[in-house]
Structure formats: structure tokens, C-alpha cells
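A short write-up of the structure that comes next.
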Protein chains: 2
Amino acid sequence: MRKIYTPSSAASDVLEVIQILEGRWKLLILFHLFDGKVQRYSDFEKLIPGISQKMLAQQLRKLEADGIVARKVYPQVPPKVEYRLTDWGQALCPALDALLSWAEQKDHFAPPAS
Amino acid sequence: MRKIYTPSSAASDVLEVIQILEGRWKLLILFHLFDGKVQRYSDFEKLIPGISQKMLAQQLRKLEADGIVARKVYPQVPPKVEYRLTDWGQALCPALDALLSWAEQKDHFAPPAS
DNA sequence: CGGCATCCTTTCCGATACTG
DNA sequence: CAGTATCGGAAAGGATGCCG
């Protein structure tokens, strides 16, 4: 069940994962992108309660800079911008799934006192 | 390949995952715990360059409070404290693996300009 | 619609000193 | 050995106003 980690390589990978996914919003944004129903800036605003415009734009830029998200601007008025996952971003899907099913398992390990 | 997310349940799971794993240090700490060679406070200090005592103790406390890490104190002088993963913490292993292999795949999707 | 710039508050985090 | 307490700087994040 457990992988053998080779410290020299894995340590820097961990650092990279932390850097790329760090923050309160990135996983949330990615989650909606995996969902496939959200591509536009205003969609995120509606679906992620509490996020500010600043944070939404900033985190999308970071995800773009890290090669996870691609941004496509349609030169029209009013402007239209679509966000999608890059191939590398798509490759994150299994990992996010694993994280989510881990969260779902919580009650199995620590049943709520009822 | 893609799981279907049911927003009502998954959204709160994402929030929980984010809360539990957030920060610069937690994944690093967990990585060493998965590795199995690190159980004591001073081990973490040696193996996680740059972490301060404050952060190490604080993040270990949070992981403990979230039920991922168990702390065992041996009542002796000098004191000895061992940290280990709870069962739920162990269950995180596949997800961390998935994250690490995703990071390893990076060059496959975006070959470095060489 | 999809942002950016600015200001301000809050939170995070490192350094240092101290303790059972 | 394994921490805690306190302080100050850095960084994250929110609110508001403005723009193509």
C-alpha cells in the first residue's frame, strides 16, 4: 500500500505541490474546473462563496503561470474569457479524487458520537 | 477517468481538505511521517530545513487536533515524544502518492526547454 | 464582463528567550 | 528533549473604486 519515497526527488516534489496548490482558493477553483461546468470568471464568483474578485483573479493567474490552467480571451464586447485545465491540470484529477475520497472516509475512521 | 462530483457533498469535503492540509508545513510533516523514519520532534527539526520550533509544534498540534496524527508522550527524563499517523492519517497515503506522481509527471506535459 | 490598483486589516511566520 | 511565550515583520486577504 505504501510507496517508497526517495527523499532526494520526492522532497522537492512535495515542495512544488505545496507551492502550486497553496492557499484557501486554488483547490476550490480546480474542483470547479474538474467539474466541467464552470469556465468563466463570473461562474467562479457565483459558485465560490466568499471569494473576492482580487483573490479569484490572482489565483487564476497563478494557476495559469504554473501551467495548470489555460485562459482564453474572446476579443468581443462585452469581453468573454474562458478558463480550462491544461493537460497537466487534467492529470491532477486522480489526486484530487483521492483527496476527496479520503475526506469522505473520515467517519469510517472516527465515527461521530451519536 | 473523471469522477462525477456531487456538489452538495464534495464542496464541503474540499473545504475540509483545504483546512486540514493548508499551510507550508503540513504536507512536509506528513510526508516524513509516511516515510516512517521520523517520529520524534527533533527528527522533524533536522529533516525539515527552515522550519521553526514554533511552526513545527503548532502544525503538529493542528494535525493532532484534526485526528491525523497521534502524539505519545513517554513520562521520562529527558522527555520523549513520538508522533505517528492515526488510521485516518494512514488513509491519506494514496492521495499523497497521487499528488507526488502528478508532480513527477510535470516534464511529460511541459518538457523543459533544453 | 472581467478585470486591475490601492488601501487597510488579519493572519502567518520567523527570531529570540525561556522552561519542565 | 520537547516544547511555550512574546514580539515584530511579511504575506495573505478583503473592501472599495475605477476601467476597457
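Order of the sequence lines sets the chain letters (A, B, ...), proteins ahead of strands, with each chain counted from 1. Note that this is a predicted model, so its numbers are computed, not measured.
As judged by a 4.0 angstrom heavy-atom cut-off over every strand, A:Y83 is placed among residues touching the sugar-phosphate backbone only.
Taking 4.5 Å as the limit, some side-chain heavy atom of B:L99 sits within range of a side-chain heavy atom of A:L99. Side-chain contact between A:L33 and A:V38: absent, with no pair of heavy atoms (C-beta onward) separated by less than 4.5 Å. A heavy-atom distance below 4.5 Å is found between the side chains of A:W25 and A:I48.
Using a 4.0 Å cut-off, no side-chain N or O of B:R71 falls inside it from OP1 or OP2 of D:dA2. In terms of phosphate contacts, B:R40 brings no side-chain nitrogen or oxygen within less than 4.0 Å of OP1 or OP2 of D:dC1. Contact annotation: A:S52 does not reach the phosphate of D:dA15 (side-chain N/O to OP1 or OP2, under 4.0 Å).
What separates CZ of B:R24 from C1' of C:dT11 is a distance of 13 Å, to the nearest Å. One atom, CD of A:Q59, and another, C1' of C:dG2, lie 17 Å apart when rounded to the nearest Å. Atom-to-atom, OH of B:Y41 to P of D:dT4 comes out at 7 Å; the value is rounded to the nearest Å. In this structure, CD of A:E45 is placed 13 Å from P of D:dG14, rounded to the nearest angstrom. In this structure, B:E64 places its CD atom 15 Å from P of D:dA2, rounding to the nearest Å. Atom pair A:I51:CD1 and D:dA15:P shows a separation of 12 Å (rounding to whole Å applied). In this structure, B:Q58 places its CD atom 15 Å from P of D:dT6, rounding to the nearest Å. Look at CD on A:Q39: it is 16 Å from C1' on C:dG2, rounded to the nearest Å.
Checking side-chain atoms of B:K26 against main-chain N and O of B:I20 turns up a donor-acceptor pair under 3.5 Å.
Considering only the side chain of B:K54, C:dG14 comes nearest among D:dG13, D:dA2, C:dG14. In this structure, of D:dC1, C:dA17, C:dG3, it is C:dA17 that holds the atom nearest to the side chain of B:Q53.
Classification of the B:F44-B:Y83 ring pair by plane angle, with boundaries at 30° and 60°, yields perpendicular.
Heavy-atom distances to DNA chain C give each of A:E22 and A:K46 a nearest nucleotide, and the one nearer the 5′ end belongs to A:K46.
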